[in-house]
Amino acid sequence: MTGNLTLAIVATVLIAAGVYLLTERSLTRILVGVLVMSNGVNVLFLIASGPAGDPPLIDMFAGEGMADPLPQAMVLTAIVITMAVSAFVVTMAYRSFQLHGNDEVSDDIEDRRIRELAERDDVSDSYEDIVFSDTGEDRVSE
Amino acid sequence: MNNLLTVPVLLPMFGAALTLMLGRRPRSQRLVSIIVLIGVVVAAGVLAYEAETRGVQSLWIGAWPVGFGIALVADRLSAIMLTVAGIVTLAVLLFSAGQEEDEVRKETPVSIFHPTFLLMCAGVSNAFLAGDLFNLFVGFEILLFASYVLLTMGGTASRIRAGSIYVVVNLLSSSLFLIALATTYAAVGSVNMAQVAERMVELPEATQSVIQFMLLVVFAIKAAVFPLSAWLPDSYPTAPAPVTAVFAGLLTKVGVYAILRTQTLIFPHKPLTDLLLWIALLTMIVGILGAIAQADIKRLLSFTLVSHIGYMVMGIGLATIDGLAGTIYYTAHHITIQATLFLVAGLIQRVGGSSNLDRLGGLMTTSPLLAALFIVPGMNLAGIPPFSGFIGKLGLLKAGVSAGTPLAWALVGASVVTSLLTLYAIAKVWNRAFWGTPIAFTAEDDEGEEDTHAGRPMPAVMVTATLALTAFSLLLTFVAGPFYAYTNNAAAALLDGAYARAVIGEVVP
């Protein structure tokens, strides 16, 4: 099959912009990134469906020049899913805003702990300093 | 044609609708959910029997001509996964029902919990039965959506934080999945897995590799395979115990199943198996080292989950009948055992007031029953004979030895070391939480939230549900002979093209 270069470039630019926005911290920007990227992905399906043709309606158009209907069905499904995802991310961003006054995705707890420990030059809390004494009993000192 | 195939997908969906309408009647909601899940288990059991006696079952939904509609397919592999998944979700649901009976519904707001939980089951069933890649995508989306809601349930600060990471990671992987689907469709003109498999061999090798690699990355994110696993230990532990249990048991295994299915069906000529073996090795080692460093039981268990995904990938990477059979057995075992352990972690948090090892101690004297509930699945996870973990690991080790390549031997060594380190991690939890002197609980968990039910006795329903799962994992030992024979047949069927024949009715070269 032959691809459509214009559509390919459009898809690339949209996906690249979307991925760039996904790397932001603010959930609102991430949401915009998701929307842009999913549009780019949907354009990819248009490329996959081959050259544009007549609407795929039986009895109204000749079978020869019809566009492939299957990718269109897939794109419809993808669009519906993206809509639901956007609604969920908006809700999450709003809840985050209610709780913290911003909608930023925060660091992993563990990352934060390790950084704090490193700053204090301390050992991790799973570190056990076990001393075995000769009196026959194990002493676990904290 | 077998209309039973629609039951595991449609029944939970109807159940979800019904429970949503029954939002104000928690008792009837519970009843509906339990009946629905029993129905799913029965249907899955019948499918497993039919797949064994009458071969691969398939159904083209809506009687579309072959190749155009949506196909549902159940071979032995799908049927095993469905059955185990059904049993585990049923037990977890009973556990959460016990939780609701006993306390304020802070952890699991009933009106949303049951419909979402059932929808997730529908998604999982759909993913296991999907005969085409796009339907697999839809199955993933259904279960992911339900999991977003379950993970952020209650909307507390910690859950929103964990949830946003989980959602963004999965959004990215879903987009990548769609890109892979578009590429596949452009390359072969179909997304039906059997047809894709048939036409894939005609493509240039480079195109094949691109598609395979994209699919692998997508499923590896879902399965939390090492370089793509960082999201898991961060997002799972904050959810309520039943939610974490079912996530840990099922969701990653759906990813493993998808890798297994696409690798054996679409790319049977064993490309990229070396890559898979390397990844399996790294997943095992890095995961278990992460587990050892944890001081929180739920985080520790999350890391062992990542680590043990490595075993399953190892069997897929070996790509022999022995290896695949080992993977299937191990997956069934691991779904059960990981869910059980997270349920026990929930009970520990309930009795001890915390899941942090620094704030636990002497649970052995406080609650000997809890100690027994922990040690059996714990030893099982570490692979101590005669538990099912040992049998699964033994199968994989034998497959590794018979493969005999240096890399396979390295994996055999790594899996033994991982097993030993798992034992160390479990022993560490045992030493610090169960032995020693009881510590007065502070009634406050890690995020500084009040834990109102700390120190109260465990409700009988929760204990029974946990015991039932433990008993099921022991059953995997008792019926290991016939069950391993079944997984062996399942693995052999994966490699002989029976699946494609049943779906499109042609012999695939």
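Computed from a predicted model, the values in this text were never measured in an experiment.
Only the side chain of B:Val191 comes within contact range of chain A, judged by heavy atoms closer than 4.5 Å. If you measure heavy-atom distances from A:Ile15 to chain B, the contacts under 4.5 Å come from the side chain alone. The part of A:Leu27 that comes within reach of chain B is its side chain, from C-beta onward, which places non-hydrogen atoms under 4.5 angstrom from that chain. For B:Ser164, the parts lying near chain A are the backbone and the side chain together; criterion is any non-hydrogen pair under 4.5 Å.
Crowding of A:Arg29 atom CZ: a count of heavy atoms from other residues, nucleotides or ligands under 6.0 Å not exceeding 12.
Below 4.5 Å, heavy atoms of chain B meet heavy atoms from A:Phe88, A:Val89, A:Met92, all part of residues 86-93 of chain A. Along residues 32-40 of chain A, the residues that come nearer than 4.5 angstrom to chain B, judged on non-hydrogen atoms, are A:Val34, A:Met37 in order of number. Within residues 72-85 of chain A, the residues approaching chain B closer than 4.5 Å by heavy atoms are, in numerical order, A:Met74, A:Thr77, A:Ala78, A:Ile81, A:Ala84, A:Val85.
Note: B:Leu176 CG to B:Asn170 CG = 12.0 Å, rounded to the nearest 0.5 Å. A distance of 11.0 Å separates CG in A:Leu44 from OG in A:Ser49, rounded to the nearest 0.5 Å.
The shortest side-chain heavy-atom distance between B:Leu301 and B:Leu305 does not fall under the 4.5 Å cut-off. Side chains of B:Ile297 and B:Gln349 form no contact here, defined as non-hydrogen atoms less than 4.5 Å apart. Between B:Pro237 and B:Thr244, every side-chain heavy-atom pair lies at or beyond the 4.5 Å cut-off. Residues B:Leu119 and B:Phe145 form no side-chain contact, since every pair of their non-hydrogen atoms from C-beta on lies 4.5 Å or further apart. Contact of the B:Tyr236 side chain with the B:Lys298 side chain is not registered, since no non-hydrogen atoms from C-beta on lie closer than 4.5 Å. Side-chain contact between B:Val149 and B:Met120 is absent, with no heavy-atom pair separated by less than 4.5 Å. Using a 4.5 Å heavy-atom cutoff, the side chains of A:Leu99 and A:Ser96 are not in contact. In this structure, the side chains of B:Trp60 and B:Ile70 stay at 4.5 Å or more apart for every pair of heavy atoms.
Side-chain polar atoms of B:Ser147 and B:Tyr166 form a donor-acceptor pair below 3.5 angstrom.
Listed for the A:Glu24 side chain is no donor-acceptor partner under 3.5 Å among the backbone atoms of A:Tyr20.
Highest contact tally toward chain B, considering only A:Leu31, A:Ile30, A:Asp68, is held by A:Asp68 [criterion: heavy-atom pairs under 4.5 Å].
B:Phe140 carries B:Lys222 over the face of its six-membered ring, with the cationic atom under 6.0 Å from the centre and within 45° of the normal.
For B:Phe134, the ring-ring contact (aromatic ring centres under 6.0 Å, His included) test picks out B:Phe137, with sequence neighbours left out.
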